[in-house]
2 protein chains.
Amino acid sequence: MAAPTSASSAASAAPPSAAQELDTSYLETLVGYNTRRATLAIVEVFMDRMAAYGLSIVDFSVLSLVGHNPGATSRQLCATLGILPPNLVGIIASLDKRGLIDRRPHPTDGRALGLHLTDGGLALLRQAEATAASLEDDATRNLGPAERATLIRLLQKIYR
Amino acid sequence: MAAPTSASSAASAAPPSAAQELDTSYLETLVGYNTRRATLAIVEVFMDRMAAYGLSIVDFSVLSLVGHNPGATSRQLCATLGILPPNLVGIIASLDKRGLIDRRPHPTDGRALGLHLTDGGLALLRQAEATAASLEDDATRNLGPAERATLIRLLQKIYR
DNA sequence: TATTGTTATACTCTATAACTATA
DNA sequence: TATAGTTATAGAGTATAACAATA
């Protein structure tokens, strides 16, 4: 959480006044504090670079899930990403309007719509996923490959 | 992100319809996706249990930092927690109004106010920190002590 | 009767601009 | 002139209730 949030990060690498840093040793003993700080550090880089494609983090997640799960429904995306249905409507509508995804009648359920990438959506996803891989390497540059694998394994032990 | 967000988590351990789970294997290769999912899992438990003290996560962080850094200023809290000054004003005012913290004139800087815990604030912090320790143990129950230490070390390599 | 997708809406969180008083 | 704390305000993100169409 302490990471300067975009505002100050551009101009100043060192803090503007530095004043006096607080002792965070207690908070740093909490796993949740550390996962949150790490998430914010990565998310900041993620948002910066995905802005080039006009994609938010959720946009990227939706586009990627649809790409890897052709015919997925809104309901499935909501369950997977922890988004509530009313909040996904605008996201889907926006990706559809931009011509990145198609909404087709579901083959077996008349209530549902199956989501599919368009050719343009697939092309954008490939670029975005390449950018994501590169950005993740940068954000985790202090981790070796084995450490990165260990980190992911331990994190999944928490949420899976 | 996929974790059911409080709404469904109470009544149903298994998903309501289950429908068909999507393939998330690509997203799970991203460190950011995993840190975010783990954060959401812990945050959910954290919010549930801290509600007993009327503390949000930021309330807890502020109370804890002031407790471990008597005389800290708003500016320092903002820098440490990545909160913007206008968004901290209400939080500080609320903790003050509840009698958990005091705002005293800063000894050397007439513009600033030094923050201190009241006796009541210290008592509440001690309870809250005990609850946090217990809740963290629960949320990371699938990790051994060594794994927990490794996880924290690797996360700090990302954000420090 | 339950579920999918949707609208409307409210609440929280986060962000920017501008003011005051002190330095 | 720069900084600490503050106000007002705008924008995301997230939450609930309720509806039409379909199962």
Side-chain angles (χ1 to χ4, degrees), chain A residues 1 3-12 15-20 36 39-40 43-44 47 50-51 55-59 61-62 71-79 81-94 96 101 103-115, chain B residues 1 3-12 15-20 36 39-40 43-44 47 51 56-59 61-62 71-96 101 103-115:
Chain A
M1 290 170 98
T5 313
S6 71
S8 56
S9 61
S12 57
S17 69
Q20 179 92 22
R36 183 154 150 72
T39 297
L40 289 175
V43 158
E44 185 181 350
M47 288 194 302
M50 284 300 158
L55 295 178
S56 71
I57 292 186
V58 175
D59 290 337
S61 302
V62 168
T73 66
S74 285
R75 178 71 186 76
Q76 289 175 304
L77 292 173
C78 284
L81 295 174
I83 298 171
L84 293 169
N87 300 328
L88 189 61
V89 173
I91 294 163
I92 297 288
S94 166
D96 188 2
I101 62 172
R103 284 186 271 197
R104 308 184 196 156
H106 191 95
T108 64
D109 189 335
R111 299 167 300 183
L113 293 169
L115 303 173
Chain B
M1 293 166 97
T5 313
S6 72
S8 55
S9 61
S12 56
S17 68
Q20 177 94 21
R36 183 154 151 72
T39 297
L40 289 175
V43 158
E44 185 181 350
M47 289 193 302
S56 70
I57 292 185
V58 175
D59 290 336
S61 302
V62 167
T73 66
S74 285
R75 177 71 187 75
Q76 289 175 305
L77 292 173
C78 284
T80 304
L81 295 174
I83 298 172
L84 293 169
N87 300 328
L88 189 62
V89 172
I91 294 163
I92 298 288
S94 167
L95 294 174
D96 188 3
I101 61 172
R103 284 186 271 197
R104 309 184 195 156
H106 190 95
T108 64
D109 189 337
R111 299 167 300 181
L113 293 170
L115 304 173

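Everything quoted here is computed from the prediction, not taken from an experiment. Residue numbers begin at 1 in each chain, while the letters A, B, ... track the order of the sequences.
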Measure [atom1]/[X] against [atom2]/[N] and give the value in whole Å, please.
X         : N       : atom1 : atom2 : answer
Met47(B)  : dA15(D) : CE    : C1'   : 11 Å
Ile57(A)  : dA12(D) : CD1   : P     : 15 Å
Asp96(B)  : dT6(D)  : CG    : C1'   : 14 Å
Leu84(B)  : dA18(C) : CG    : P     : 16 Å
Leu77(B)  : dT6(D)  : CG    : P     : 12 Å
Ile83(A)  : dT16(D) : CD1   : P     : 15 Å
Ile91(B)  : dT7(D)  : CD1   : P     : 14 Å
Ile101(B) : dG5(D)  : CD1   : P     : 12 Å

TODO: Output all residues satisfying side-chain hydrogen bond (donor to acceptor under 3.5 Å, both in side chains) with Asn87(B), sequence neighbours left out; order by chain, then residue number.
DONE: none
Open item on the list: I'd like to check the side-chain hydrogen bond (donor to acceptor under 3.5 Å, both in side chains) partners of Arg104(A); sequence neighbours left out, ordered by chain and number.
Closed with: none
Open item on the list: Holding to side chain to side chain contact (heavy atoms under 4.5 Å, CB included), I want the full list of residues that pass it with Leu113(B), two or more places apart in sequence or in another chain.
Closed with: Arg103(B)
Task: side chain to side chain contact (heavy atoms under 4.5 Å, CB included) partners for Ser94(B), two or more places apart - done: Arg98(B)
Task: side chain to side chain contact (heavy atoms under 4.5 Å, CB included), paired with Val62(B), selected from Ile57(B), Ile101(B), Ile92(B) - done: Ile92(B)
Task: Residue pairs involving residues 105-114 of chain A (criterion side chain to side chain donor-acceptor pair (under 3.5 Å); sequence neighbours excluded) - done: His106(A)-Thr108(A), Asp109(A)-Arg111(A)
TODO: Encode nucleotides 5-11 of chain C as B, S and - characters from 5' to 3', where the letter depends on protein heavy atoms closer than 4.0 Å: B to the base, S only to sugar-phosphate, - to neither.
DONE: SBBB---
